[in-house]
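Everything quoted here is computed from the prediction, not taken from an experiment.
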Amino acid sequence: MIEIKKGTDNTYQFKLTTSDGNTLLNSIYFETKAEAQKTVENLNPLLERQTVFERRTDHDGKFLFKLKDLDGKVIGSSLRYSSEAGMENGIKNLKRRIAHISGNSRS
């Protein structure tokens, strides 16, 4: 599921979750709902490129990934994973989930 929510500061953020409610990706904050919606609509073709994923290790040794648009701007971040394999699995799950729900986002 993709859910777009309005924040307390009148910005919008989308969250992509698995069918059982686990978070796969939290987006950056967008100034308008239309901007967030447009980004959601462009996720499926974006995921065809491996270069949109930036894999990182944080200061605690946890793994995470950032999703970038074609211009290199970060549009979302994963939660932290305890292993590199877990992070790679998270990327695979994100790709599958977006392919499954493309065009069926909720706001």
Side-chain angles (χ1 to χ4, degrees):
M1 177 167 90
I2 298 177
E3 184 178 18
I4 298 175
K5 288 192 173 186
K6 185 176 184 178
T8 56
D9 58 353
N10 292 322
T11 58
Y12 294 85
Q13 182 182 38
F14 66 84
K15 178 166 80 168
L16 193 140
T17 57
T18 63
S19 57
D20 57 358
N22 294 322
T23 300
L24 290 170
L25 186 79
N26 287 309
S27 78
I28 61 169
Y29 290 94
F30 297 92
E31 295 206 15
T32 65
K33 187 175 183 178
E35 187 180 4
Q37 185 65 42
K38 183 175 180 172
T39 302
V40 167
E41 291 168 0
N42 290 323
L43 286 177
N44 199 28
L46 184 68
L47 296 179
E48 295 173 8
R49 298 177 181 252
Q50 192 63 19
T51 58
V52 299
F53 292 100
E54 180 182 324
R55 293 154 172 88
R56 296 180 144 193
T57 306
D58 72 6
H59 62 279
D60 291 328
K62 300 287 184 177
F63 298 87
L64 64 136
F65 63 88
K66 298 200 178 275
L67 178 62
K68 296 181 175 186
D69 65 15
L70 295 178
D71 295 325
K73 178 183 170 193
V74 173
I75 57 174
S77 298
S78 71
L79 298 180
R80 299 179 335 153
Y81 295 90
S82 59
S83 69
E84 187 173 5
M87 176 188 64
E88 293 298 332
N89 193 44
I91 291 171
K92 288 178 189 173
N93 287 336
L94 178 70
K95 289 179 176 183
R96 278 195 301 263
R97 190 70 178 146
I98 288 173
H100 180 262
I101 61 176
S102 65
N104 297 324
S105 61
R106 288 179 37 171
S107 51

In short, Glu35 meets Thr32 closest at the heavy-atom pair N-OG1, 3.0 Å
Does anything in residues 55-93 pair up under ring-ring contact (aromatic ring centres under 6.0 Å, His included), and if so which pairs, sequence neighbours excluded? Phe53-Phe65
Using the rule that Ile, Leu, Val, Met, Phe, Trp and Tyr join whenever any side-chain heavy atoms are under 4.5 Å apart, tell me whether Met1 and Leu79 fall into a single cluster. no
Beyond-backbone contact of Leu43 with Ile75, side-chain heavy atoms, under 4.5 angstrom: yes
Separation of Glu41 CD from Ile2 CD1 (nearest 0.5 Å): 10.0 Å
Just how far is it from atom CG of Asn42 to atom CG of Leu47, taken to the nearest 0.5 Å? 10.5 Å
Give a yes or no on this: more than 12 heavy atoms of other residues, nucleotides or ligands lie within 6.0 Å of atom CZ of Arg56. no
To the closest 0.5 Å, what do you measure between NZ (Lys68) and OG1 (Thr51)? 9.5 Å
Take Glu88 and Arg55 through the salt bridge (charged side-chain N to carboxylate O under 4.0 Å, His left out) test and state the conclusion after the steps. CA-CA 9 Å; Glu88 293 298 332; Arg55 293 154 172 88; 2.6 Å; yes
The reported gap from CG in Leu25 to CG in Leu94 (rounded to nearest 0.5 angstrom) is 5.5 Å
Are Val74 and Phe30 connected, step by step, through hydrophobic side chains (Ile, Leu, Val, Met, Phe, Trp, Tyr) whose heavy atoms are closer than 4.5 Å? yes
When you group the ILVMFWY residues by side-chain heavy-atom contacts below 4.5 Å and let the links chain together, are Ile4 and Leu46 in the same group? yes
Are there over 12 heavy-atom neighbours, none belonging to Lys15, within less than 6.0 Å of that residue's NZ? no
Output for pair (Asp69 CG, Thr39 OG1), nearest 0.5 Å, gives 8.0 Å
Quick one: do Met87 and Val52 end up in the same hydrophobic cluster if we chain Ile, Leu, Val, Met, Phe, Trp and Tyr together by side-chain heavy atoms under 4.5 Å apart? yes
Would you say the side-chain atoms of Asp58 pair up with the backbone N or O of Asp60, donor to acceptor, closer than 3.5 Å? yes
Side-chain (Gln13) to main-chain (Tyr29) donor-acceptor, under 3.5 angstrom: no
Applying the side chain to side chain contact (heavy atoms under 4.5 Å, CB included) test to Leu16, which of Leu24, Thr23, Asn93 qualifies? Leu24
Calculate, to the nearest 0.5 Å, the distance between atoms OG and NZ belonging to Ser78 and Lys62 respectively. 12.5 Å
Compare all side-chain heavy atoms of Thr17 with those of Glu3 and state whether any distance is below 4.5 angstrom. no
Could you tell me whether a side-chain N or O of Asp71 sits under 3.5 Å from a main-chain N or O of Lys73, the two making a donor and an acceptor? no
